[in-house]
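So the structure is just underneath, and the comments pick up after that.
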Amino acid sequence: MSETLQDIAAAMMADGQGILAADESTGTIQKRFDQIGVENTEANRQAYRELLFTADEAMKNYVSGVILFDETLRQSTLDGRRFAEVIKAAGAVPGIKVDAGAKPLALFPGEKVTEGLDGLRGRLQEYYKLGARFAKWRAVIDILPAEGLPTTGAIACNAHALARYAALCQENGIVPIVEPEVIMDGPNSHHDVDTCYKVTELTLNIVFDELYAQRVDLTGMILKPNMIVPGQNGPQVSTREVAERTVECLKATVPAAVPGIAFLSGGQSDEAATEHLAIMNQIGGFPWKMTFSYGRALQQACLKAWSGKKENVPAAQAAFKHRAKMNGLAALGRWRAEDEREAA
Ligand code: 13P
């Protein structure tokens with residue numbers, strides 16, 4: 001019997017678990033490897049991903065799904081087990097990043113649109129055969145208040161593409177992760193938490209309009225939003241305020257039919273990303289499950305502990321397990337700062 005979109009989404013939102021975003025493209029993993037002095041070869045990428053997916057304690061207890069890059073979905077462990085099978089055996093759902101990246105949007109200086117719709121139906125059908133049961137598409141919305149950005153025109157283009165992607169996924173039995181990321185990086189000191197709130201609210205409203213217009217079944221998708229945070233150079237606020245504003249913004253924009261929200265970390269520190277998620281789940285009172293779909297905030301410590309050396313694999317797996325456990329607790333609203341110390 002085939003799984004329904006709702007079955008897959010429910011597995012991805014299992015209690016106390018979340019999604020490992022390990023879908024760095026070859027270009028993005030280069031940046032991560034540069035930080036630890038590791039050469040970006042296929043062998044090193046394979047070794048690093050094998051380390052993650054065979055970290056049994058982390059995977060079995062705290063990871064409900066893994067987002068892969070095309071190359072990684074086709075790779076295997078050194079002893080010949082396909083990564084998709086290893087992930088499934090650990091009880092997690094294999095997923096695949098299907099967008100082709102954010103490119104300059106014609107006639108919208110400084111803004112981007114995510115490409116990758118051409119031929120997407122065929123690629124989804126192949127990915128399904130390779131074991132993927134969910135997909136990810138990331139739209140990028142930059143905030144530059146002094147320049148009047150973002151424009152609604154650019155947000156609408158991205159929302160349209162997200163909805164076309166989501167519809168194609170559902171047609172092919174794949175749960176779409178819909179990711180409109182309002183970016184927190186940027187030089188602007190006027191980029192405060194209110195600006196992030198307004199831009200995220202507008203973006204999510206436009207995205208859900210498009211999803212409706214394109215007949216996407218909201219019960220068979222996962223939303224991957226940013227949290228409501230000030231820009232890196234804007235006035236900072238407390239972790240409590242981030243959590244409260246994020247819950248407020250999502251309650252105002254995300255229909256209750258959506259089964260789950262899995263946040264990106266977006267450049268937050270490991271502990272801030274965990275604490276924000278924990279506070280939101282303590283606040284509660286919303287109709288969806290809320291968990292993590294972190295890339296950097298799950299992997300930074302692990303990458304550093306590994307540093308490309310075979311003898312460091314156990315320490316790297318322990319670092320991954322620690323962050324996965326902290327975020328698993330946060331998804332239940334049970335994380336406390338003391339947990340970081342005790343386990344360290
Ligand atoms: P970060 O958690 O590092 O933002 O990555 C998550 C992700 O998948 C971005 O598309």
Side-chain angles (χ1 to χ4, degrees), residues 12 18-36 48-49 52 62-70 72-73 92-103 112-116 132 134-143 158 161-162 165-166 169 175-186 196 200 203 207 221-229 231-232 242 246 260-277 280 290-304 319-320 323-324 326-328 330-331:
M12 291 164 69
I19 295 163
L20 166 64
D23 60 324
E24 298 86 359
S25 62
T26 308
T28 301
I29 200 77
Q30 172 93 45
K31 293 188 215 156
R32 310 283 182 262
F33 281 5
D34 282 350
Q35 284 167 346
I36 53 166
Y48 176 59
R49 268 63 182 252
L52 288 175
Y62 312 113
V63 177
S64 56
V66 182
I67 319 176
L68 304 169
F69 182 57
D70 181 279
T72 322
L73 181 61
V93 185
I96 178 80
K97 185 231 301 288
V98 300
D99 67 65
K103 306 285 157 63
K112 299 192 189 95
V113 66
T114 299
E115 296 187 347
F134 73 92
K136 176 189 115 172
W137 178 290
R138 172 173 173 258
V140 173
I141 309 295
D142 276 303
I143 295 184
N158 276 293
L162 272 169
Y165 140 81
C169 286
V175 169
I177 289 187
V178 172
E179 181 179 5
E181 177 174 2
V182 176
I183 301 287
M184 64 186 271
D185 303 322
C196 180
T200 304
T203 300
V207 165
M221 63 161 273
I222 303 289
L223 180 71
K224 178 163 174 168
N226 52 285
M227 297 179 198
I228 304 302
V229 287
Q232 272 164 343
V242 168
T246 304
I261 291 178
F263 291 98
L264 58 92
S265 61
Q268 297 182 34
S269 73
D270 294 357
E271 219 171 300
T274 302
E275 188 172 357
H276 290 147
L277 180 64
M280 287 189 278
M290 259 191 198
T291 190
F292 57 91
S293 176
Y294 295 160
R296 282 163 285 180
L298 264 179
Q299 295 185 58
Q300 263 149 189
C302 171
L303 271 164
K304 202 164 152 212
F320 171 42
R323 284 277 31 103
M326 294 301 103
N327 287 306

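Atoms within a ligand are numbered from 1 in the order they appear, just like the ligands themselves.
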Tell me whether [X] contacts the main-chain N or O of [Y] through its side chain, where contact means a donor paired with an acceptor under 3.5 Å.
X	Y	answer
Thr246	Ile228	yes
Ser265	Ala273	no
Thr72	Leu68	no

Would [X] count as a polar contact of ligand 1, with the cut-off being nitrogen or oxygen pairs under 3.5 Å?
X	result
Ala297	no
Arg32	no
Arg296	yes

Side-chain donor-acceptor contact under 3.5 Å, Asp99 with Thr114: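 Checked: Asp99/Thr114 side chains show no N/O donor-acceptor pair below 3.5 Å.
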Donor-acceptor side-chain pairing of Ser25 and Thr28 below 3.5 angstrom: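 Judged by distance alone, the side chains do pair up.
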Identity and distance of the protein heavy atom lying nearest atom 5 (O) of ligand 1: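 Scanning the protein heavy atoms, the shortest distance from atom 5 (O) of ligand 1 goes to Gly295 N, 3.5 Å.
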Heavy atom of the protein closest to atom 9 (C) of ligand 1 (residue, atom name, distance):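 Here the nearest protein heavy atom works out to Glu179 OE2, 3.2 Å.
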Ionic contact status for Lys136 with Asp23, cut-off 4.0 Å: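 The answer is yes: the pair qualifies as a salt bridge.
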Relative to the heavy atoms of [X], which atoms of ligand 1 are at a distance of less than 4.0 Å?
X	value
Lys224	6 (C), 7 (C), 8 (O)
Tyr294	2 (O)
Ser293	6 (C)
Ser265	1 (P), 2 (O), 3 (O), 4 (O)
Gly266	1 (P), 2 (O), 4 (O)

Partner of Ile141 by side-chain contact (heavy atoms from CB on, under 4.5 Å), out of Ile183, Thr203, Asn226, Thr200: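 Filter result, single survivor: Thr203.
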Residue-ligand contact Ala273/ligand 1, heavy atom below 4.0 Å: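 No.
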Lys136 touching ligand 1 at heavy-atom level, < 4.0 angstrom: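 A heavy atom of Lys136 does come that close to ligand 1.
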Sole candidate of Arg32, Gln30, Gln299, Lys31 that passes side chain to side chain donor-acceptor pair (under 3.5 Å) when paired with Glu24: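 Result: among Arg32, Gln30, Gln299, Lys31, Gln299 is the only option passing the side chain to side chain donor-acceptor pair (under 3.5 Å) with Glu24.
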